[in-house]
Undergrad: 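This is the structure, below, for whatever I ask next.
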Amino acid sequence: MRPFGSFRRWRSVKDQSKFEAYLDPGFASEIATIPGGEKLQQCIQCGTCTAVCPMSAYMDYTPRRMIAMTRAGCRDDVLGSLAIWVCTSCYSCTVECPKRIPITEIMHGLRQMAVEEDRYPRRFTTPVMAQAFVEMIERRGRSTESWISVKLYLRTNPWLLVKNAAIALRLIRRGRLGFGRESVRDPGELKAFLAATERPAAVRSSVERVRQPTEAVA
Amino acid sequence: MSEASPGPVATPSSFEPRIVAFFCNWCTYTAADLAGISRMQYAPNVRAIRLMCSGRVDPQFVLSALREGADGVLIGGCHPGDCHYQEGNYNALRRFELLKLMLRDFGIEDERVRLEWISASEGDRVQQVCNEMTEQVRALGPLRLAVPSEGHGRADADEPALQAVGREAR
Amino acid sequence: MRYSYFPGCSALGTGRAYVESLHAILDVLDVELAELDDWNCCGATAWPSVDGVKAVALSARNLALAEAQTPGDAPVDVVSSCAGCYRALMKADRTMREGGEVAERVGGALDSIGLSYEGRTRVRHPLDVLVNDVGVERISAKVVRPLSGLTIACYYGCLLVRPYAAFDDIYDPVSMDRLMQAAGAESVDWPLKTRCCGGSCYCGGPMIGAMPEATLKLSYTLLREAKRRGADAVATVCPLCQFNLEGFQDRMEREFGDRLDLATGFATQFLGVALGLDERTLGIHRMLRWLPRRPSVAEGAHAGA
Amino acid sequence: MPAPELASTPSSNGKVKIGVYVCHCGLNIAGKVDVSSVVEFASTLPDVAVARDYKFMCSDPGQELIEQDLRDGLVNRVVVASCSPLMHEATFRKATEKGGQSQFYFQMASIREHVSWVTADGDHATEKAKALVAAAVRRVALHEYLEPRRAEVLPDVMVVGAGIAGIHAALTLADAGKHVYLVERETTIGGHMAKFDKTFPTLDCSACILTPKMSAVRSHPNITLWTYSDVVGVEGFTGDFTVRVRHRPRYVREDLCTGCLECIEQCIHKKGKFDDEWNEGLSKRKPIYIPFPQATPAVVVVDPETCIWFKTGKCPQTCIEACERDAFDFEQTETFDEVKVGAIVLATGFKTFDASKMPEYGYGLYPNVYTSLELERLLNAAGPTGGVVELRDGSKPKVIGIIHCVGSRDAKHNLWCSKVCCMYSLKLAHMVKERTGAEVYNFYIDMRTPGKGYEEFYDKILREGVHMVRGRVAGVSDEAASPEEEGHLVIRAEDTLIGSVRRIPVDMVVLAVGLEPQPDAQDVRRLFNISCGGEGWFTERHPKLAPVSTFTDGVFLAGTCQGPKDIPDTVAQAGAAAAEAMAMIDRGFMMLEANTAHIDDEACSGCKTCVGLCPFNAISFDEERKKASVNEVLCKGCGVCVGACPSGAAQQHLFTDEEIFSEIEGVLAYV
């Protein structure tokens with residue numbers, strides 16, 4: 001292999017120093033607001049998370065590096081990384097971490113920040129899927145696999161609709177892929193319920209005291 | 001670190017509780033030293049008096065402290081089974097239970113007196129307990145004894161109840 | 001025995017056979033599952049990526065419904081058959097019990113729709129119920145067609161024991177193995193029982209779409225290792241894992257040039273066969289591939305077909 | 001010791017004149033507390049004659065300040081507001097005495113550990129410091145004249161545990177002419193060190209340097225060696241301990257057995273059948289055995305759990321026949337000894353982490369996963385394979401993986417770094433490479449080689465071509481992801497320096513298990529009345545300045561019972577413990593705290609409450625007079641009786657009710 005064989009590669013070499021001006025020193029403390037997230041500061045960079053991660057081989061930054069970069073304040077690199085979306089939430093890292101850092105939760109927190117700041121990879125399935133899923137639940141309270149797949153493929157790679165048609169057909173024939181839309185009884189109420197979680201706890205404490213017996217929904 | 005352990009400075013309430021602590025020499029006082037060596041910041045409201053053993057805590061010490069103006073009393077001893085004098089802490093515990101019953105009769109809330117086992121290596125427990133206790137007592141407000149007197153809870157001739165069991169009665 | 005039952009969204013889709021077979025075997029074992037009325041999606045792993053509070057809220061609503069639908073002070077056991085839902089419900093339960101800001105906000109939202117969560121609920125998994133409540137002995141007593149000669153690799157997946165190992169060992173879970181042994185099959189001792197299959201975010205699609213190599217390889221690693229250790233079939237208890245291992249097996253075979261041909265069914269189906277239930281009841285006709293017709297197992301097929 | 005001229009005696013207390021000395025402790029106190037305002041406040045307090053501050057009160061000029069004021073008659077009581085009394089009370093008491101006053105006319109206010117170091121806000125700190133000073137001032141005014149107490153120190157010493165720490169301490173003391181009782185729980189002395197083949201970083205043979213010391217112990221006229229024995233009771237106090245030792249039956253008389261081992265040869269079991277504990281179960285022993293050839297004492301032991309005679313009563317007892325000295329005694333039972341000693345050295349050692357607690361590393365599941373201690377035995381010429389490193393099936397490993405930090409630096413197991421594993425893992429890497437020519441991979445989180453010659457040793461190992469992978473191993477399994485992995489154990493770790501996961505197929509996995517306190521550390525600690533942290537390491541009196549003494553005077557620590565350490569550190573500490581014990585014994589007496597209890601005859605109502613409470617049986621009751629009295633020699637000064645006395649008759653020197661009441665008033669005197 002000739003690493004600098006092509007002029008395009010050596011012409012594009014850039015300064016890769018992380019200058020302090022580029023870093024966000026408050027980034028780690030933002031992450032520390034995730035329950036257990038403050039433990040991130042205790043990381044000893046042992047790499048157990050990476051080694052147990054089934055997906056680390058496919059990440060742009062390994063989980064261990066993600067922690068180091070978060071701690072160093074590499075906000076843009078971390079939130080723009082593919083790694084946070086490659087995570088399959090299998091919790092292996094969380095369980096194995098010798099410092100008990102809840103890495104999966106941190107990954108989820110980073111995802112939320114990436115979504116809020118609108119900097120997730122546009123046509124990568126995980127974020128698109130997550131959002132399509134969330135929209136469907138907000139609207140109906142339950143998800144329907146068939147429709148969510150259709151939605152996902154349309155938003156990312158419509159070609160996959162065709163490519164996966166064969167397997168879909170086999171599933172349909174066996175009654176494992178329905179197109180009837182599932183829903184809770186009162187989607188409006190569920191929507192209001194979810195919206196109610198956005199209210200900070202203190203504002204509502206007066207309501208809490210007059211809790212009604214619960215048979216209303218039963 | 002000061003954010004993590006809110007001292008009285010950070011809270012809006014202007015009431016600063018006064019807490020007298022009796023720490024045994026071998027475990028809790030040593031733990032408090034360790035908290036110091038480790039620079040663990042905690043509420044300045046707790047003031048420790050060193051005794052050789054928590055078993056030395058005479059219930060009258062607690063009553064006297066409350067009468068002299070303390071809003072709470074903390075007693076710290078070695079963990080059960082760890083007493084430097086074999087079982088002084090068990091004596092402390094037995095006495096403490098009786099004392100609580102008595103204090104209830106005076107209308108003094110249970111949360112104002114606390115017994116904690118803190119070993120010599122638990123500096124962080126000292127920090128935690130002192131902070132917790134300060135906040136608890138702050139939430140309860142100043143101690144008002146059954147027979148109120150001028151000022152708050154100061155020694156005064158108008159307090160027959162506590163005085164009866166207090167120092168002068170001896 | 002009666003349990004509240006949370007089927008989860010996959011129950012009516014890819015995981016249909018799982019739910020059918022679960023009901024069928026529990027019928028035989030005198031366990032009643034009462035489906036939670038008006039349940040909603042658990043939030044899966046998609047919601048925590050977007051909004052952590054609402055993710056807890058969704059599952060908490062289900063737990064609160066279970067309590068509301070079981071008046072009294074007794075503990076309420078909610079059985080969740082999908083491993084993803086199981087984790088989400090467990091997480092909500094822990095979060096609500098531990099208290100804190102999220103718990104308070106969710107509590108308030110529950111309040112606004114006339115619900116509350118007291119913490120009476122215990123989230124249970126069918127394996128937990130089968131092994132710990134029904135008991136392996138009672139199950140083996142009811143086995144009429146032992147799966148003798150069949151070697152099964154039990155695949156537990158991620159979320160059944162991680163991060164909450166509530167009823168089985170976090171490294172080497174054995175509950176499913178014990179059931180398969182009770183059914184007369186041999187179970188494979190292997191180190192990948194809880195290694196991720198790559199199915200992740202629901203309906204098998206996402207990773208396949210984004211990184212086919214990655215997902216296929218994870219699943220392939222599992223199947224190859226199962227086969228290497230002499231398994232004829234892989235048993236799972238997660239609709240996602242099952243679909244992932246079964247639905248893409250053709251592609252794995254093409255991609256890695258390795259013939260796998262492993263039946264990947266639900267543990268409940270294998271157990272059902274041993275209990276003498278017919279294939280249709282167990283949803284075996286819904287599978288994309290099943291065991292080659294061998295006398296001991298095929299008998300049931302005739303009865304059903 | 002000539003008593004200094006005292007300005008005030010019990011009879012002439014005189015007018016109380018208190019001197020208050022506030023220490024800056026550099027910036028440790030002054031950086032937070034407004035010292036001058038504390039001094040100003042102190043000078044307003046009743047009876048305060050002088051209030052001063054100084055940069056370092058504990059320094060000579062600082063102490064001189066106090067002494068001068070005392071000599072000048074300006075003051076006759078002293079309050080020093082500085083660090084904790086546990087730190088410098090003795091210093092300032094001495095200064096007070098040198099100034100011509102009773103050392104007990106002194107009180108300390110801890111405004112460093114209890115104020116400046118723990119308070120965020122300067123104003124709050126100053127206020128708290130004032131309150132503590134006020135308390136000390138009120139209290140010291142009430143201090144009474146007391147004679148210091150002395151206790152005789154007995155000349156003999158007990159050393160508990162005969163690993164390298166206990167051996168070294170015992171020999172040091174014995175060479176100095178002290179009589180030592182050396183008690184060891186196992187059948188032989190030597191401890192862990194006797195199991196090793198070589199020691200880092202010099203690679204000298206462990207047996208070559210240890211066995212001479214072991215035989216020196218055996219033959220030393222000043223050492224009474226009790227193996228297969230343990231301490232079951234400790235009574236008494238500083239300088240005068242009565243220790244009860246239990247001797248377990250070996251069923252062989254130690255005084256007769258010559259260690260010819262003929263009986264083992266003749267045992268009805270033709271071959272070893274039971275796991276040999278000394279070889280970590282890697283070989284089999286007979287029911288009658290000796291752990292290793294140089295065991296000290298070289299006396300065989302019969303294991304009643306496995307001996308046919310003990311189990312069935314039916315055995316031709318060929319062992320007895322084989323013994324020419326008639327050393328067998330199958331009727332032996334436990335025996336006890338009681339000895340009186342002046343000091344005790346605890347050297348009870350450590351145990352290694354149980355690797356089966358980490359199933360991800362496959363110990364107990366895969367036969368070719370070994371612990372480091374097992375590998376030590378494999379490498380040892382006196383070990384199960386005669387020093388040949390081979391796998392359980394007899395084959396030679398071609399690739400070996402050594403995993404560091406097993407059970408250490410891990411919140412799920414032990415939080416601490418075990419200190420020795422990096423170095424011993426490097427040593428093992430060197431040795432297995434030398435013996436087998438195998439490729440060796442060491443997996444480490446951080447390489448820790450502080451110590452003389454240690455980094456140089458690391459350098460040597462690197463030059464030898466041992467592969468170092470920086471990453472904590474996530475798992476060991478026999479899952480084969482490729483044909484090369486087939487039939488091997490695969491170690492999975494992130495090589496964090498290249499940022500990728502590596503899967504390394506090996507034939508042998510060695511787990512560098514960490515050091516843990518002995519499982520019965522808590523019991524031992526209670527027995528000797530010392531303290532230990534939650535994890536079980538014994539607590540030294542001061543982590544820096546009193547690392548071998550404990551809070552119980554006369555009980556000293558040596559070796560790993562206090563925390564993980566290597567052999568050089570252990571030996572150094574054992575020497576220090578021996579020296580401190582010796583210093584105490586050679587002085588012949590100990591100064592005791594004056595804080596004993598006493599009962600005012602007049603006030604005693606004869607209720608006997610105190611009698612039953614005293615844990616030291618120091619209170620006796622005169623049935624005729626119906627009065628209780630305290631034997632101040634037995635009293636240890638806990639004050640439990642004082643706290644319980646309903647009539648206030650019981651009082652404790654230095655902690656009288658009046659003193660404490662005044663202290664309470666003081667801390668509540670907010671300004």
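To find a chain, count down the sequence lines: A is the first, B the second, and so on, and within it residues start at 1.
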Undergrad: Do you know which two heavy atoms are closest between C:R61 and A:E189, and how far apart they sit?
TA: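 Heavy-atom minimum between the residues: NH2-OE1, 4.1 Å.
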
Undergrad: Looking only at heavy atoms, which of residues 103-110 of chain A get nearer than 4.5 Å to chain C?
TA: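 Heavy-atom contacts from residues 103-110 of chain A to chain C are A:E105, A:H108.
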
Undergrad: Between A:P35, A:S146, A:G175, which shows the greatest number of heavy-atom pairs under 4.5 Å with chain C?
TA: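 Answer, by heavy-atom pair count under 4.5 Å with chain C: A:G175.
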
Undergrad: Under 3.5 Å, is there a donor-acceptor pair between the A:T94 and C:R162 side chains?
TA: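 No, C:R162 and A:T94 have no side-chain donor paired with an acceptor closer than 3.5 Å.
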
Undergrad: Do side-chain atoms of C:R286 reach the backbone of A:R174 as a donor and acceptor pair under 3.5 angstrom?
TA: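 Answer holds: yes.
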
Undergrad: For C:R105 and A:T197, which heavy atoms make the closest approach, and how far apart are they?
TA: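 That would be NE-O, 2.7 Å.
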
Undergrad: Answer with side chain, backbone, both or neither: which region of A:V115 has an atom nearer than 4.5 Å to a non-hydrogen atom of chain C?
TA: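 For A:V115, the contact with chain C is made by the side chain alone.
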
Undergrad: With a 4.5 angstrom heavy-atom cut-off, which part of A:I172 approaches chain C: side chain, backbone, both or neither?
TA: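 Looking at A:I172, nothing touches chain C.
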
Undergrad: Is it the side chain or the backbone of A:L190 that comes within 4.5 Å of chain C heavy atoms, both, or neither?
TA: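 Contact with chain C: side chain only.
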
Undergrad: Could you tell me whether a side-chain N or O of A:R111 sits under 3.5 Å from a main-chain N or O of C:S49, the two making a donor and an acceptor?
TA: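 Between the backbone of C:S49 and the side chain of A:R111 there is no qualifying donor-acceptor contact (under 3.5 Å).
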
Undergrad: Under a 3.5 Å threshold, yes or no: a donor from one side chain and an acceptor from the other, between C:S10 and A:E145?
TA: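 The answer is no; no qualifying pair exists.
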
Undergrad: For C:R94, what residues pass the salt bridge (Lys or Arg N to Asp or Glu O under 4.0 Å) criterion, not counting sequence neighbours?
TA: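 With sequence neighbours excluded, C:R94 shows a salt bridge (Lys or Arg N to Asp or Glu O under 4.0 Å) to no residue whatsoever.
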
Undergrad: Taking the side chain from C:N40 and the backbone from A:R142, do they hold a donor-acceptor pair closer than 3.5 Å?
TA: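 It does not hold such a pair.
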
Undergrad: Among all residues two or more places apart in sequence or in another chain, which pass the ring-ring contact (aromatic ring centres under 6.0 Å, His included) test with A:Y91?
TA: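 Partners of A:Y91 under the ring-ring contact (aromatic ring centres under 6.0 Å, His included) test: none.
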
Undergrad: ring-ring contact (aromatic ring centres under 6.0 Å, His included) with C:F266: which residues, sequence neighbours excluded?
TA: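 ring-ring contact (aromatic ring centres under 6.0 Å, His included) check on C:F266 returns C:Y18.
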
